[in-house]
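Here is the naming used below: chain letters follow the sequence lines, and residue numbers restart at 1 for every chain.
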Amino acid sequence: MAEAKTSAKNRPLSPHLQIYRPTMTMMMSIVHRVTGAALYVGTLLLLWWLIAAAAGPNAYAGVQWFLETVIGRLILFGYTWAMIQHMLGGIRHLIWDTGRGLGPVEREWLTMATLVGSVGLTVIVWFIAYLMGGFR
Amino acid sequence: MSDHEPSSSMRTPMGRVRHLGAAHAGTKHFWHQRLTSVALVPLTIGAVILVLSLMGRNHAAVVQILGSTAVAIGLLLFVLVSAYHMWLGMQVIIEDYVHDELPKIAMLMGNTFFSCAVALTAVFAILKLSFGL
Ligand code: HEM
């Protein structure tokens, strides 16, 4: 790491993550990054599904089989949640970018809302998909 | 790095660096991250509901729906904007954690290759579904 070279000069170190008491905003900031990275990898699942659909019935049967296993369903549910959590976290970022919602009460409230909202919306979105004819 | 102006430029050194920040590239990266974020909100809601509603349907039905004009265009927008957004986002993650020059450059390259490959493959698949080649 770069610190090793500069520490010889005995510069004062700024406090890093482990020093602070964890707060809701801090944990959810990490969640935003983790979900972003998970969605990055998750595009591979979307690609597999799209390519299989484009390739033909046999290839499609393969993804379909996987997605209907318990593991497949769990991954799909987690993928949906990560997408929605990241979306709500992103909207929170956009609100913060306007300078709003940064007060000590609002920022905690807003952050909590993304978590409650993402779990609720994930269930609602699956239900809507079911009503539209999915999962049968 | 932005292109540096020739020394014959009439602009003062201060005028040249103003608003560009430490990266000499201004706020383009930040702004495009926000631009794609705003675009992704409706696109993501649409894409998630679409894909989930196709779960469990047979291949012929999936091809028919994915290949219809409005759905294909919406999905194309989603994958293209996503690929650009995730490319920008992963770049920041790499810059935050990887400080040694060689691994950093290798990972930034890998990020670009992966993001471009994702975009291209998805576009190919969606177009194939539409045009049925
Ligand atoms: C649904 C709409 C989305 C919104 C509103 C959104 C919003 C954002 C915002 C505002 C950031 C910047 C966070 C910061 O500056 O700290 C970000 C980062 C990121 N996003 Fe998204 N995003 C969305 C969808 C996606 C998708 C679909 C992917 C992947 C395919 C993705 C991958 C990433 C990654 C990898 C980062 C970097 C994370 C970080 O720097 O901590 N996002 N997103």
Side-chain angles (χ1 to χ4, degrees), chain A residues 1-3 32-37 39-61 63-64 67-68 72-73 76-77 79-81 83-84 86-91 93-94 97-98 121-122 124-136, chain B residues 30 33-34 36-38 40-45 47-63 65-67 75 78-79 82-83 85-90 92-93 96-97 99-101 111 114-115 117-133:
Chain A
M1 294 283 277
E3 287 94 301
H32 191 74
R33 174 154 286 190
V34 171
T35 52
L39 293 174
Y40 186 94
V41 179
T43 52
L44 289 175
L45 182 60
L46 180 64
L47 279 188
W48 181 26
W49 183 72
L50 281 175
I51 296 167
N58 285 339
Y60 193 73
V63 214
Q64 199 162 28
L67 288 173
E68 280 172 14
R73 279 279 185 267
L76 197 60
F77 195 78
Y79 193 7
T80 314
W81 173 79
M83 192 73 102
I84 291 174
H86 186 86
M87 178 180 80
L88 295 181
I91 293 172
H93 264 286
L94 296 174
D97 286 342
T98 70
L121 274 181
T122 303
I124 291 173
V125 158
W126 272 54
F127 188 61
I128 293 174
Y130 176 78
L131 291 182
M132 287 170 69
F135 302 110
R136 316 227 172 148
Chain B
F30 176 90
Q33 186 91 55
R34 311 295 125 164
T36 52
S37 299
V38 172
L40 276 171
V41 173
L43 292 173
T44 302
I45 296 172
V48 168
I49 293 179
L50 168 76
V51 172
L52 291 177
S53 73
L54 294 179
M55 288 300 122
R57 296 205 201 205
N58 66 35
H59 180 251
V62 171
V63 171
I65 293 169
L66 287 184
L75 211 52
F78 172 71
V79 293
S82 289
H85 174 91
M86 75 182 204
W87 176 62
L88 293 169
M90 189 51 75
V92 176
I93 297 182
D96 275 356
Y97 302 127
H99 301 298
D100 292 323
E101 207 56 22
N111 179 36
F114 181 75
S115 303
V118 164
L120 204 90
T121 311
V123 167
F124 177 83
I126 296 167
L127 290 182
K128 185 162 186 280
L129 283 160
S130 290
F131 301 140
L133 301 167

>> Is H86(A) in contact with chain B via its backbone, its side chain, both, or neither, using a 4.5 Å heavy-atom distance?
In response: side chain
> D96(B) versus chain A, heavy atoms under 4.5 Å apart: side chain, backbone, both or neither?
Replying inline: side chain
>> Shorter than 4.5 Å, heavy atoms on both sides: which option in T43(A), I51(A), V63(A) has the most such pairs with chain B?
In response: T43(A)
>> Can you tell me which of S115(B), S37(B), S53(B) forms the most heavy-atom pairs within a distance under 4.5 Å of chain A?
In response: S53(B)
> Given that the side chain runs from C-beta out, which part of T121(B) has a heavy atom under 4.5 Å from chain A: side chain, backbone, both or neither?
Replying inline: both
> Taking C-beta and beyond as the side chain, do L76(A) and L52(B) meet within less than 4.5 Å on heavy atoms?
Replying inline: yes
> chain A heavy atoms under 4.5 Å from V41(B): which part of the residue, side chain, backbone, both or neither?
Replying inline: both
> Would Q64(A) and R57(B) satisfy side-chain contact (heavy atoms from CB on, under 4.5 Å), going step by step from the backbone distance to the final call?
Replying inline: CA-CA 9 Å; Q64(A) 199 162 28; R57(B) 296 205 201 205; 5.5 Å; no
>> Would you say that L66(B) contacts I126(B) through its side chain, given a criterion of any heavy-atom pair below 4.5 Å between the two side chains?
In response: no
>> I need the residue from V125(A), D97(A), I91(A) with the largest number of non-hydrogen atom pairs under 4.5 Å to chain B.
In response: D97(A)
>> Give me the atom names and distance for the closest heavy-atom approach of A53(A) to V62(B).
In response: CB-CG1, 4.3 Å
> With only heavy atoms counted, which part of L131(A) is less than 4.5 Å from chain B, the side chain, the backbone, both or neither?
Replying inline: neither
>> Quick one, Y79(A) and V51(B) - any side-chain contact, counting heavy atoms below 4.5 Å?
In response: no
>> I need the minimum non-hydrogen distance between S130(B) and G67(B), along with the two atoms involved.
In response: OG-O, 3.4 Å
> What do you reckon, is CH2 of W87(B) surrounded by more than 12 foreign heavy atoms closer than 6.0 Å?
Replying inline: no
> Which atom names give the shortest non-hydrogen contact between A54(A) and A125(B), and what distance separates them?
Replying inline: CB-O, 3.7 Å
> Which bit of I128(A) comes within less than 4.5 Å of chain B, counting heavy atoms only: side chain, backbone, both or neither?
Replying inline: side chain
> Between L50(B) and chain A, which part of the residue has a heavy atom less than 4.5 Å away: side chain, backbone, both or neither?
Replying inline: neither
>> Need one label for L121(A): side chain, backbone, both or neither, based on atoms under 4.5 Å from any heavy atom in chain B.
In response: neither
> Non-hydrogen atoms of chain A under 4.5 Å away: do they reach the side chain of V63(B), the backbone, both or neither?
Replying inline: side chain
> Which atoms of I93(B) come close to chain A, meaning under 4.5 Å heavy atom to heavy atom: side chain ones, backbone ones, both, or neither?
Replying inline: both
> H59(B) vs Y60(A) aromatic rings, parallel, tilted or perpendicular, using cut-offs 30° and 60°?
Replying inline: tilted
>> Under the ring pair (Phe, Tyr, Trp, His ring centres under 6.0 Å) test against F135(A), which residue among Y130(A), F77(A), W126(A) passes?
In response: W126(A)
> Contact part of L88(A) toward chain B, heavy-atom cut-off under 4.5 Å: side chain, backbone, both or neither?
Replying inline: neither
>> Between L47(A) and chain B, with a heavy-atom cut-off of 4.5 Å, which part of the residue counts as in contact: side chain, backbone, both or neither?
In response: side chain
